[in-house]
Amino acid sequence: MTYALIEQAKDVLRHNDRGTYTVPTDGLYPFQWNWDSCLSALGLSHLDEARAWTEIDTLFAHQWDDGMVPHIIFHTPNDSYFPGADVWRTGRDVPTTGITQPPVAGFCVKRLFDRCQDRDLARARARALVPQIHAWHEWFFRCRDPRGTGLVAILHPWESGRDNSVDWDAALDRVPTEGVEPFVRRDTQHANPAHRPTQKQYEQFMWLVQHFRDLGWDNSKLHDASPFQVVDPGFNAILIRSCSDLADLAQELGETEIAQKSRDFAARGAAALDGLWSAEHGQYVCFDRAVGELVDSPSIGGILAAFTDIPPQNALAIAARINLLAKEAKFMVPSHAPKAAEFDPLRYWRGPVWLIVNYMIADGMERAGQHEIVERIVSDSLRLIELGGFAEYYGPLDGEPCGGDRFTWTAAIVIEFLTRQKALA
Ligand code: GLC
């Protein structure tokens, strides 16, 4: 059973392999996505270590001069996705978008490095990547935390990786739709429109893209000029964890200056993250920087914060929170609390379960010693696969597979979970 599933997952990775990068899925997402690639590299490493490193190398080959690593690289023209390169117009030789995505590369590279069989290869590849990843982290704190709070803001919901989360509703209300150029969505031609973001949200997404494009994608201006500035605890936890993993890796490779700076970033971030704790919800919540208010929204972002080291009492509370959610939904961990009014079981990030998020939460819970929760998350994840195949995401109430199928990062995480189980057996 385990063996057959691992083989099927490997087939998905091979199917979506374009030589030096993978696409998230055929059709719906025909280019390279930032955090998809980093997390998928973990799965690829079980097939071919060199290929796994190449996945991340390819992403960083498209890093901007200011340090930003874009959210999509449009390697080859393809008009089955909107908004394509012609809309972003970022002026790059190989076109990219002008925004970023959750910075999980530091974590992934450290994980690849730690378990790589080919040590010489790992040292060579990691040595080249460490300064590039560090430059990205520096970019974050320079351009997305200009007042030095220790936490960074996202300027577009797509940066969060959780496109239509309830977390953004209030902030998006301040984003107009007047002046948005007419467009034809492609996502709703590949997936059920009832499972996707709404038309109004798409118009607001596009307004932000046009606004940033009008500012010439100049990252020294974008933050202060954006009506949308949200500090997401999950996103920041990924950044803090990546900084601290990069610190360890840099230390091991003799890059002591990078190690020290990365440790400082992580320490400042961890201290500031405390300010996003909600005793009421027993988890972290977002902070709407544009208005200076916490966002009263119990989403997965505030649970994903456990991916980085948090105070033990908060890790305990998050474990209790997941236990509570397990009474409200069949499959852990829903992207929004089922009891909340906005919960929508099949609409993208407003309820469904995503395996990559499960992987990061489980990893954090493992470090915090919450082993029972880890087992629950892993077994729910694998049950979803057995029931519905390698989908993009799943309904938490009935396990319905949704979105694109034969999904790369879903397959990668299945390999990770099954390999872990085999090792424990
Ligand atoms: C969607 C997801 C995002 C992901 C992308 C490609 O936009 O919300 O997290 O990176 O699809 O899979």
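Only a predicted model underlies this, so the values are computations on that prediction, with no experimental measurement involved. In this chain, numbering begins with 1 at the start of the sequence shown. Note that ligands are numbered from 1 as they come in the structure, with each ligand's atoms numbered from 1 the same way. For the numbers below, each heavy atom of this structure counts, side chains included, while hydrogens, waters and symmetry mates do not.
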Under 4.0 Å between a side-chain nitrogen and a carboxylate oxygen: does that hold for [X] and [Y]?
| X | Y | result |
| --- | --- | --- |
| D245 | R111 | no |
| R347 | E342 | no |
| D224 | R289 | no |

| Around R125, counting heavy atoms of other residues, nucleotides and ligands shown, do more than 12 lie under 6.0 Å from its CZ? |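 Check passes, neighbour count above 12.
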
Just jot down the ligand 1 atoms closer than 4.0 angstrom to any heavy atom of [X], in number order.
| X | answer |
| --- | --- |
| P24 | 6 (C), 12 (O) |
| F407 | 12 (O) |
| W409 | 4 (C), 9 (O), 10 (O) |

[X] NZ/CZ over [Y] ring centroid, <6.0 Å and within 45° of normal:
| X | Y | answer |
| --- | --- | --- |
| R185 | Y202 | yes |
| R186 | F82 | no |
| R196 | Y348 | yes |

| message | Would W35 count as a polar contact of ligand 1, with the cut-off being nitrogen or oxygen pairs under 3.5 Å? | response |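 Looking only at distances, the answer is yes, because the N/O contact criterion of under 3.5 Å is met.
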
| W349 to ligand 1: N or O pair under 3.5 Å? |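 N/O-N/O distance under 3.5 Å: yes.
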
| task | Measure from the side-chain N and O atoms of H75 to the backbone N and O of P95, and report whether any donor-acceptor pair falls under 3.5 Å. | result |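 A pair under 3.5 Å: no.
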
| query | Within less than 4.0 angstrom of ligand 1, does W158 place any heavy atom? | reply |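 Distance cut 4.0 Å: W158 fails for ligand 1.
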
| request: Please confirm whether Q101 comes under 4.0 Å of ligand 1, counting heavy atoms of the residue only. | output: yes

If you have a sec, work out which protein heavy atom is nearest [atom] and how many Å separate them, to one decimal?
| atom | answer |
| --- | --- |
| atom 8 (O) of ligand 1 | D163 OD1, 2.6 Å |
| atom 3 (C) of ligand 1 | G161 O, 3.6 Å |
| atom 10 (O) of ligand 1 | D36 OD1, 2.6 Å |
| atom 1 (C) of ligand 1 | Y348 OH, 2.9 Å |

